[in-house]
There are 2 protein chains.
Amino acid sequence: MVSVLSTSQRLHENLARLIADSAPGERLPSEPELARRMSVSRATLREAMRAFETQGMIYRRQGSGTYVTHPTQVIDSGLEVLQSIETLARHIGLPVSLGELHIDPRTPTEEEAQALNIELESGVICVRRVIMAQDHSAAYLVDTLPEDVLSPKALEVDFTGSVLDLLLKQGNPPLASSRCEINAVTASVDVARAMHIQRGDVLLRFVAYLYAGNGRVVDYSYSYFLPGYFRFHVVRRV
Amino acid sequence: MVSVLSTSQRLHENLARLIADSAPGERLPSEPELARRMSVSRATLREAMRAFETQGMIYRRQGSGTYVTHPTQVIDSGLEVLQSIETLARHIGLPVSLGELHIDPRTPTEEEAQALNIELESGVICVRRVIMAQDHSAAYLVDTLPEDVLSPKALEVDFTGSVLDLLLKQGNPPLASSRCEINAVTASVDVARAMHIQRGDVLLRFVAYLYAGNGRVVDYSYSYFLPGYFRFHVVRRV
DNA sequence: CAGATGTCAATTGTCAGACAATTGACATCT
DNA sequence: AGATGTCAATTGTCTGACAATTGACATCTG
């Protein structure tokens with residue numbers, strides 16, 4: 001069975017490439033021309049264009065044409081796209097490995113029960129691990145999930161260090177978005193012990209809720225980052 | 001002359017309201033039905049739908065229907081929307097005031113010249129100020145702009161503490177997006193002095209490039225935040 | 001000559017109608 | 001009970017057309 005991309009997907013990729021290859025301010029070919037070139041109807045093309053327009057990559061002016069804005073967004077996506085630390089590290093060329101790993105099935109704390117919107121008596125799986133870079137601990141990640149979301153079996157078989165990648169690969173439940181709160185903190189006693197750093201060292205902390213398509217919270221996580229290893233950024237738009 | 005909204009704009013607003021008023025997971029009326037109700041063609045409607053789809057507010061399934069995801073994105077926008085600290089503070093109900101303010105016309109440092117992509121001999125305006133909350137300094141913001149972007153006159157007249165708001169109000173040049181890098185740092189000597197805190201205190205730091213529509217960098221800024229006053233978050237999507 | 005005005009081709013915005021592909025519920029058969 | 005066929009509903013895509021706007025050029029006018 002050959003994996004065939006749908007018309008939309010092909011079109012989207014082709015357009016993305018075209019836009020990425022264009023200089024800022026450059027005018028794209030006209031819609032009839034593009035539709036011919038991409039072998040789709042103008043209506044379908046326009047819908048795809050609208051997608052790029054809402055992302056601020058192009059703007060259209062009636063009577064004049066379609067123009068690309070600066071391609072910052074294309075070559076450079078930030079925190080606003082949901083991807084794991086491992087995927088992010090791979091993109092920036094930082095070799096990372098999985099350090100100490102703990103997988104605890106247990107009952108949730110009051111905070112976790114509230115965050116995940118579950119009963120105190122129900123079960124959760126808590127995944128704690130250290131991410132190593134250049135033989136030093138660079139991050140400490142703690143994920144808490146309802147036990148029915150992720151089977152312990154899947155965790156044993158092919159856990160590479162990323163709960164997010166596992167959930168994405170599993171495909172069920174379908175993930176929608178994540179709300180990530182950003183703080184600067186000093187290392188607490190247990191975080192310092194896990195990362196082998198001094199208590200009081202400065203850390204970047206993310207507290208995140210991961211939402212499934214139906215609105216359910218499927219993962220509540222704390223992530224601690226030692227400055228210098230990762231570079232996080234956000235693209236902000238008007 | 002009456003200001004009339006274009007068909008697209010009306011449609012967009014109506015759809016936004018409809019989606020916002022829907023419960024998570026709810027199915028929207030069919031496309032032909034919606035097109036009739038909004039008095040537009042199905043093609044136009046679909047283009048607007050695509051806009052909301054790329055924003056993750058709805059998803060469409062062929063043969064089944066169009067569904068709204070949870071309205072997190074609607075009620076809760078984060079760092080990914082470009083707005084000033086003052087606007088953000090107003091939204092969360094934190095009363096802030098402008099503390100010590102310095103406006104320096106000077107020549108750029110090497111770092112600034114490179115960031116703004118200008119000559120070392122050209123002029124820049126450097127705006128430094130402290131943001132106060134509850135009688136304590138909560139943030140320290142340093143903006144550097146090419147001198148032709150912002151007239152010193154505008155700064156004198158109605159500067160409320162936000163360079164971004166001033167540029168948005170001025171409308172020229174039109175702003176497109178901002179790239180904001182996120183770090184956790186300890187206070188350096190001069191930052192500590194400006195904020196009246198201890199050297200070595202933990203701070204959240206943003207380093208941001210503000211882009212105009214033509215791709216030019218119009219503002220290069222450092223922002224330091226004392227933990228506890230502001231809450232920053234990002235909505236991340238697949 | 002400078003500025004206003006008209007003309008026109010190119011381009012995006014919108015429309016109507018049609019058919020294809022998929023889904024989900026229901027009925028039917030084994 | 002489970003597999004299979006049927007069918008209406010819904011989104012995906014296509015075609016061709018016309019309206020509205022833009023920008024360049026020619027033309028008129030004081």
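Both backbone and side-chain heavy atoms feed into the values below; hydrogens, waters and symmetry mates do not. Proteins get letters first, then strands, A, B, ... in listed order; numbering begins at 1 in each.
Under 4.0 Å is where a charged nitrogen must lie from a carboxylate oxygen, and between B:Glu112 and B:Arg106 at least one such pair does. Checked for salt-bridge contact, B:Asp219 and B:Arg179 miss the test: no charged N lies under 4.0 Å from a carboxylate O. Under a 4.0 Å N-O distance rule, the pair A:Arg37/A:Glu33 qualifies as a salt bridge. The pair A:Glu47-A:Arg42 does not meet the salt-bridge criterion, since no charged nitrogen lies less than 4.0 angstrom from a carboxylate oxygen. Using a 4.0 Å cut-off between charged nitrogen and carboxylate oxygen, B:Arg128 and B:Asp104 count as a salt-bridge pair.
If you measure from atom CZ of A:Arg60 to atom P of D:dT22, you get 15 Å, rounded to the nearest angstrom. Computed from coordinates, the B:Arg10 CZ to C:dG13 P distance equals 16 Å when rounded to whole Å. We find that CG of B:Leu45 is positioned 13 Å from C1' of D:dT10, with the value rounded to whole Å. Look at CE on B:Met38: it is 17 Å from C1' on C:dT14, rounded to the nearest Å. Regarding A:Tyr59, its OH atom lies at a distance of 13 Å from the P atom of C:dT12, rounded to whole Å. To the nearest angstrom, P of C:dG13 lies 12 Å from CD of B:Gln9. For B:Glu47 and D:dT11, the CD to P distance is 17 Å, given to the nearest whole Å. Remark: P of D:dA8 and CD of B:Gln62 are 18 Å apart, rounded to the nearest angstrom.
Look at A:Ser8 and you'll find a side-chain N or O under 4.0 angstrom from OP1 or OP2 of D:dT13. Between B:Ser64 and the phosphate of D:dT11, there is no side-chain N or O to OP1/OP2 separation shorter than 4.0 Å. Look at A:Thr66 and you won't find any side-chain N or O under 4.0 angstrom from OP1 or OP2 of C:dT11. Between B:Ser41 and the phosphate of C:dA16, there is no side-chain N or O to OP1/OP2 separation shorter than 4.0 Å. Within the structure, a side-chain polar atom (N or O) of A:Arg46 is placed less than 4.0 Å from OP1 or OP2 of C:dG13.
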Is there a side chain to side chain contact (heavy atoms under 4.5 Å, CB included) between B:Phe159 and B:Ser162? Walk through the geometry before answering. CA-CA 7 Å; B:Phe159 183 67; B:Ser162 165; 5.6 Å; no

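Checking D:dT22 for Watson-Crick or G-U wobble geometry (two distances, each under 3.5 Å) identifies C:dA9 as its partner. Summarising the base pairing, C:dC15 is matched to D:dG16 through a Watson-Crick or G-U wobble pair whose two defining distances lie under 3.5 Å. Base pairing annotation: C:dT30 forms a Watson-Crick or G-U wobble pair with D:dA1, both donor-acceptor distances under 3.5 Å.
Side-chain atoms of A:Arg42 and base atoms of C:dG13 include a donor and an acceptor less than 3.5 Å apart.
When heavy atoms are screened at a 4.0 angstrom cut-off, B:Arg27 is found touching the sugar-phosphate backbone but no base atom. Among the atoms of the strands shown, only primed sugar atoms or phosphate atoms (P, OP1, OP2) are found under 4.0 Å from some heavy atom of B:Arg61.
Here the side chain of B:Glu31 is nearest to one of C:dC15, D:dT11, C:dG13, namely D:dT11.
Mapping A:Thr44 and B:Met49 onto DNA chain D by nearest heavy atom places B:Met49 closer to the 5' end of the strand. Mapping A:Leu28 and B:Gly63 onto DNA chain C via the closest heavy atom, the residue that lands nearer the 5' end is A:Leu28.
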